[in-house]
Amino acid sequence: MNIVVCVKHIPDPNLPPEMDGTRLKREGVQGVLDPGDEFGVEAGLQLKEQHGGEVTLVSMGPPAAREAITRGLSMGADKGILVSDDALQNADALVTARVLAAAIKRAEFDLVIAGVESTDGYTGTMPATLAEFLDVPMITFVKELENAEGNLKVDRQTADGYHVVEAPLPALITVTAGVNEPRYASFKGIMAAKKKPVDELSLADLGLSGDDVASKQTVKELSPAEERKAGEVVEDDGTAAEKIADFLAEAKVI
Amino acid sequence: MAKIWVFAEVTPEGKADTTALEILTKARSLGGELEAVALGPGATQAAKELGEYGATTVHASDDDVYSDYVAQPAAQALYQLCREHSPELILFAQQYDSRDIAGRLSAKTGSTLMTNVMDIPDTNTAKTAIFGGTTIVDVALEGEPKLVMIRPKSFAPEASGGEASVVPVEVSISDELKKAKRVERHEEAASGPKLDEAPVVVSGGRGLQEPGNFELLEQLAGAIGNAAVGATRAVVDSGWVPYALQIGQTGITVKPSVYIAFGISGATQHLVGMKGAKKIVAINKDEDAPIFQIADLGVVGDALKVLPALIEEVKKRKG
Ligand SMILES: Cc1cc2nc3c(=O)[nH]c(=O)nc-3n(C[C@H](O)[C@H](O)[C@H](O)COP(=O)(O)OP(=O)(O)OC[C@H]3O[C@@H](n4cnc5c(N)ncnc54)[C@H](O)[C@@H]3O)c2cc1C
Ligand SMILES: Nc1ncnc2c1ncn2[C@@H]1O[C@H](COP(=O)(O)O)[C@@H](O)[C@H]1O
C-alpha cells in the first residue's frame with residue numbers, strides 16, 4: 001500500500017502563543033509535529049507493517065516544518081514531501097488543501113491519512129477539502145481501522161456511538177486520538193531519518209500560481225475573550241460536600 | 001435581498017437537529033431571505049419545524065443516498081443548488097456530517113470556509129475564537145457563497161412561528177459519489193437527560209484515578225436528578241468512558257445551569273466546551289489548577305472524598 005500521511009508543524013502547544021500582527025507566529029518559534037498527527041503516522045506505519053508498501057509524509061509550512069517530517073521519519077516513515085513557499089504564509093484550509101492535493105497527486109496513492117483537527121488551527125475541514133480535490137471518498141473521525149487492504153472498513157465516531165463505514169481505495173481518512181498508541185522514535189530511527197529523502201517543493205514545482213493560493217480570510221480585529229472571574233476557593237476541611245450542596249440549592253438545581 | 005441558507009441536519013424521524021434551530025434563530029436577525037436545506041430521510045417532515053424557526057423555504061430530499069453515503073452526495077447536491085439559486089451565505093453547524101460536507105463544498109465552490117464561528121454580527125463578519133477560546137477574532141467574510149461553520153450552542157433557539165414551503169431537491173447522484181457507505185450503526189441512546197441539554201452536568205477527569213470511579217458520578221447525577229455525566233478527553237482517550245461524553249473543543253459544548261468538575265485540570269480545550277455554564281463548581285486537589293480561575297465555587301480537596309459525601313448530602317436534602 002502507498003500511504004500518505006499529512007503532518008503539520010505547529011508552534012509548541014505547551015508554550016504561550018506568539019502573535020505576528022494578526023497572525024500566529026510560525027517562524028522563529030519552537031515547533032513540533034502536531035501531536036494529533038502522531039496518530040496518523042502510527043496508523044500509516046501499522047498498515048505498512050501489515051500490508052507492505054511505503055509511508056510518505058507530506059507537509060506544507062515554512063522551511064522549519066521539515067522538523068515535523070524528520071520526526072515522522074524517525075518513527076519509521078520512508079520519505080517526505082515539504083511544500084514551502086513565501087506566498088503560502090496566509091494559507092487558509094482551502095489553500096492548504098489545494099497545495100497538499102497537488103503535492104499528493106504527483107504519485108500514486110492508496111490511502112491518505114490526516115488528523116481530525118490540528119492543535120493550532122483546529123478547523124477540522126482541511127482533510128474534507130483535500131479529499132474533494134483528490135476526488136476520493138473520505139471517512140473522518142476514525143476510531144478503529146478494521147481492514148484496509150482492497151476495501152477500507154473503519155469505525156467512525158459519531159455523537160452517540162459509532163458507524164461502521166466502508167469505502168474502496170484510494171480514500172482519505174482522519175484518525176482520532178483513540179485509534180492507536182504512537183510509538184517513540186528509537187535512536188536507530190533518529191539516525192536513519194537523516195538519510196531518508198525529503199523532497200522540497202515550491203509552488204512553481206507544483207504548477208500553482210500566487211492566484212491559486214491567495215487566502216480569502218482577512219482578519220478585521222483581535223480582542224481578548226471575555227473571561228469568567230474566579231469565585232470563592234475553599235480548602236476542603238470536611239464540609240465541602242455541604243458547601244457544594246448549599247451552592248446547588250441556591251442555584252435551584254436540588 | 002441577500003439569500004441566506006442554513007444547512008440543517010435532520011433525523012429519520014423528521015426532527016431537525018437543535019443546531020439548525022439555533023442557527024436559524026440567529027439568522028433571522030441578519031435580514032434577507034432565510035432558507036434551509038435538508039437532505040436525507042426525514043427532511044420533508046422536518047421542514048415544518050425549520051419553518052417555525054424562520055426558514056421560509058426548505059429545499060428538501062428524503063433520499064436515502066444522503067444518509068447511506070458519507071458527505072459526497074450531499075456536497076454535490078448543495079453545489080448544484082448553489083448554482084441554481086446563488087445563496088450569498090451558507091451556515092453550517094460544526095459537527096460531524098456538516099463539517100465533512102462543508103469542507104467538500106469549499107473545494108467545489110472555491111470559497112473559503114470560516115470555522116469555529118461563535119457569532120455572525122452581520123452577513124459580512126464572523127466572530128471566531130482562537131487559542132482555545134481565549135482570543136476573539138473578527139474576520140471579514142468573503143466568497144460566493146460565503147461559507148460559515150458555527151459552533152453548537154452559540155445561540156439559544158427560539159421559534160418565530162413561521163411556515164416554510166417545501167421545494168423538493170432533485171439532483172441526480174452518480175455512482176462515482178456513492179463510495180463511503182455506512183454499513184452498520186451503533187448508537188446507544190443514553191438514559192436520563194441528554195448531556196447537551198441537562199440543566200446540571202457532573203463531569204470527571206483524570207483526577208478520578210480510575211474508570212470505576214465514574215460510577216460515583218452516575219450516582220451523583222442520579223441523586224441530583226435531571227443531571228448528566230460528562231468527561232474530559234484525557235479519560236475518553238484512556239477508554240474509561242465513551243467518546244459521547246467528551247466535553248470540549250473536539251467534543252460537545254454544554255451550557256448547563258451548573259457544571260461540576262471533579263479532578264479536571266481545566267485545559268483551554270476543555271474549557272471551551274463548558275465555560276458557557278451559568279455556574280461552575282470545581283473540585284481539584286491542586287490549588288493552582290487552571291479550572292479554579294473560572295470556577296464560581298472552588299474546592300481544594302480530594303474528589304474521591306468529596307464525591308461520596310456529596311452524594312449522601314444531596315440525598316439527605318432531597319429527602
Ligand atoms: C487538538 C486538541 C483538542 C482537545 N480537545 C479536548 C476536548 O474536546 N476536551 C477535553 O477535555 N480535552 C481536550 N484536549 C485535551 C486537553 O488539552 C487536556 O489534556 C485534557 O482536557 C485534560 O484532561 P483532565 O483534566 O482530565 O486531565 P489532567 O490535565 O491530567 O488533570 C487531572 C487533574 O486532576 C487533579 N487531581 C488528581 N487527583 C485528584 C484527586 N484525587 N482529587 C481531585 N483532583 C485530583 C489534578 O490536580 C489535575 O488538575 C484537547 C487537546 C488537543 C491538543
Ligand atoms: N499545513 C499542513 N500540512 C500538512 N498537513 C496539514 C496541514 N494543515 C492541516 N493538515 C492536516 O489536516 C488535519 C486537520 O487540520 P485542520 O483542518 O487545520 O484542523 C491535521 O491534523 C493535519 O493532518
Side-chain angles (χ1 to χ4, degrees), chain A residues 17 92-94 97 116-117 122-125 127-129 131-133 137-141 143 157-168 171 177-178 215-225 227-228 230-236 240-245 247-249 251 253-254, chain B residues 70-72 96 99-100 102-104 106-108 112-113 115-116 125 129 131 133-140 142-143 179-189 199-200 224 237 243-244 249-250 257-258 275 279 281 292-301 306 309-310 313-314 317-318:
Chain A
D92 55 16
L94 174 64
V116 164
E117 57 180 39
Y122 58 97
T123 71
T125 59
T129 311
E132 185 65 30
F133 281 131
M138 160 196 65
I139 312 171
T140 48
F141 281 93
K143 68 177 192 106
Q157 212 156 66
T158 64
D160 319 301
Y162 69 97
H163 292 165
V164 181
V165 186
E166 290 183 351
S215 164
K216 300 196 183 87
Q217 293 189 358
T218 19
V219 171
K220 295 207 243 184
E221 201 185 321
L222 280 182
S223 53
E227 283 302 321
R228 290 182 76 110
E232 186 192 6
V233 180
V234 298
E235 286 283 337
D236 181 18
E242 280 161 53
K243 287 205 181 92
I244 298 171
F247 188 91
L248 297 179
V253 295
I254 57 168
Chain B
V70 180
Q72 278 176 297
Y96 297 94
R99 172 143 62 170
D100 291 355
R104 283 196 179 267
S106 171
K108 286 179 184 284
T112 188
L113 168 62
T115 48
N116 280 305
T125 317
F131 306 151
T134 53
T135 303
I136 307 297
V137 194
D138 282 15
V139 185
E142 276 162 68
K179 284 195 171 150
K181 186 175 193 336
R182 292 184 171 92
V183 293
E184 283 169 41
R185 293 165 200 256
H186 300 264
E187 293 181 323
E188 310 101 56
V200 180
I224 293 172
D237 286 350
Y243 172 78
Q249 183 182 306
T250 26
S257 303
V258 182
K275 66 183 178 189
K279 295 283 178 195
V281 182
F292 287 135
Q293 285 162 24
I294 63 155
D296 299 284
L297 173 61
V299 173
V300 182
V306 175
L310 184 58
E313 185 66 25
V314 171
R317 295 199 189 192
K318 296 197 88 170

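Below, read A as the first sequence line, B as the second, and so on, with proteins coming before strands; counting in each chain starts at 1.
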**Student:** Show the nearest heavy-atom pair for residues G103(B) and T129(A), with the distance to one decimal.
**Tutor:**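 That would be O-OG1, 2.8 Å.
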**Student:** So which of E313(B), R104(B), R99(B) has the largest heavy-atom pair count under 4.5 angstrom toward chain A?
**Tutor:**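 Maximum pair count with chain A is reached by R104(B).
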**Student:** Pick from G143(B), G301(B), A107(B): which one has the most heavy-atom pairs with chain A under 4.5 Å?
**Tutor:**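 Greatest number of close heavy-atom pairs with chain A: A107(B).
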**Student:** Quick one: which of G178(A), A230(A), A131(A) has the most heavy-atom pairs under 4.5 Å with chain B, could you say?
**Tutor:**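 Ranked by heavy-atom pairs under 4.5 Å with chain B, first place is A230(A).
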**Student:** Please report the shortest heavy-atom distance between V258(B) and A251(A), naming the atom on each side.
**Tutor:**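 Nearest pair, atom of V258(B) first, then A251(A): CG2-CB, 3.7 Å.
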**Student:** Given that the side chain runs from C-beta out, which part of A140(B) has a heavy atom under 4.5 Å from chain A: side chain, backbone, both or neither?
**Tutor:**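 Both backbone and side chain.
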**Student:** Checking D100(B) against chain A: side chain, backbone, both or neither under 4.5 Å from a heavy atom?
**Tutor:**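 Contact with chain A is through both the backbone and side chain of D100(B).
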**Student:** Taking every non-hydrogen pair under 4.5 Å, which of P224(A), G161(A), A167(A), P137(A) racks up the most with chain B?
**Tutor:**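 Among the listed options, the one with the most contacts to chain B is P137(A).
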**Student:** Using side-chain heavy atoms (C-beta onward) and a distance below 4.5 Å, is R317(B) in contact with E242(A)?
**Tutor:**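 Side-chain contact under 4.5 Å: yes.
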**Student:** Is V299(B) in contact with chain A via its backbone, its side chain, both, or neither, using a 4.5 Å heavy-atom distance?
**Tutor:**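 For V299(B), heavy atoms of backbone and side chain both lie under 4.5 Å from chain A.
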**Student:** Please look at A159(A) and chain B and tell me whether the side chain, the backbone, both or neither of the residue comes under 4.5 angstrom of a heavy atom of that chain.
**Tutor:**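 Looking at A159(A), backbone and side chain both touch chain B.
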**Student:** Report the distance from atom CD of E166(A) to atom NZ of K181(B), rounding to the nearest 0.5 Å.
**Tutor:**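 Result: 8.5 Å between the selected atoms.
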**Student:** Chain B: which of S215(A), P127(A), P168(A) shares the most heavy-atom pairs with it under 4.5 Å?
**Tutor:**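 Between S215(A), P127(A), P168(A), the count favours P168(A).
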**Student:** Taking the side chain as everything from C-beta on, heavy atoms only, tell me whether T158(A) gets closer than 4.5 Å to E187(B).
**Tutor:**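 Touching, per the 4.5 Å side-chain cut-off.
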**Student:** Sort out for me which of L222(A), V234(A), I254(A) touches chain B most, counting heavy-atom pairs under 4.5 Å.
**Tutor:**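 Top count of heavy-atom pairs under 4.5 Å with chain B: V234(A).
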**Student:** Counting only heavy atoms closer than 4.5 Å, note whether I139(A) contacts chain B via side chain, backbone, both or neither.
**Tutor:**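 Only the side chain of I139(A) comes within 4.5 Å of chain B.
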**Student:** What part of T250(B) gets within 4.5 angstrom of chain A, counting heavy atoms only: side chain, backbone, both, or neither?
**Tutor:**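 Looking at T250(B), backbone and side chain both touch chain A.
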**Student:** Pick whichever of L113(B), V306(B), N116(B) has the most heavy-atom pairs under 4.5 Å with chain A.
**Tutor:**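 Heavy-atom pair counts peak at N116(B).
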**Student:** When heavy-atom pairs shorter than 4.5 Å are enumerated against chain A, which of D296(B), L310(B), I136(B) gives the highest number?
**Tutor:**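 Most pairs with chain A among the choices: I136(B).
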**Student:** Tell me which of these, D92(A), V219(A), V165(A), has more heavy-atom pairs under 4.5 Å with chain B than the rest.
**Tutor:**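 The option with the most such pairs is V165(A).
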**Student:** Compare all side-chain heavy atoms of L248(A) with those of K279(B) and state whether any distance is below 4.5 angstrom.
**Tutor:**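 Contact flag for L248(A)/K279(B) side chains = no.
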**Student:** For the candidates V253(A), V116(A), I244(A), which exhibits the highest count of non-hydrogen atom pairs separated by less than 4.5 Å from chain B?
**Tutor:**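 Highest number of pairs under 4.5 Å: I244(A).
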**Student:** Would a 4.5 Å heavy-atom cut-off, applied to side chains only, mark Q249(B) and Y122(A) as touching?
**Tutor:**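 In contact.
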**Student:** Rounded to the nearest 0.5 Å, what separates atom CD in E221(A) from atom OG1 in T125(B)?
**Tutor:**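 Result: 10.0 Å between the selected atoms.
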**Student:** Determine the sole option in H186(B), R185(B), R182(B) for which the side chain to side chain contact (heavy atoms under 4.5 Å, CB included) test with V164(A) is passed.
**Tutor:**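 Of the listed residues H186(B), R185(B), R182(B), the side chain to side chain contact (heavy atoms under 4.5 Å, CB included) partner of V164(A) is H186(B).
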**Student:** Tell me, for V137(B) versus chain A, whether the close heavy atoms (under 4.5 Å) come from the side chain, the backbone, both or neither.
**Tutor:**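 The answer is both parts of V137(B).
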**Student:** Would you name the heavy atoms of I294(B) and R228(A) that are closest together and state the gap between them?
**Tutor:**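 In this case the closest contact between I294(B) and R228(A) is O-NE, 3.4 Å.
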**Student:** Under a 4.5 Å heavy-atom cut-off, does chain B meet the side chain of Y162(A), its backbone, both or neither?
**Tutor:**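 Y162(A) touches chain B through backbone and side-chain heavy atoms alike.
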**Student:** Where on T112(B) is there a heavy atom nearer than 4.5 Å to chain A: the side chain, the backbone, both, or neither?
**Tutor:**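 When you check distances to chain A, atoms from both the backbone and side chain of T112(B) fall under 4.5 Å.
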**Student:** Where on E117(A) is there a heavy atom nearer than 4.5 Å to chain B: the side chain, the backbone, both, or neither?
**Tutor:**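 It is the side chain, since no backbone atom gets that close.
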**Student:** Measure across A244(B) and D160(A) and return the closest heavy-atom pair with its distance rounded to 0.1 Å.
**Tutor:**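 What the structure gives for the nearest pair is CB-CA, 4.1 Å.
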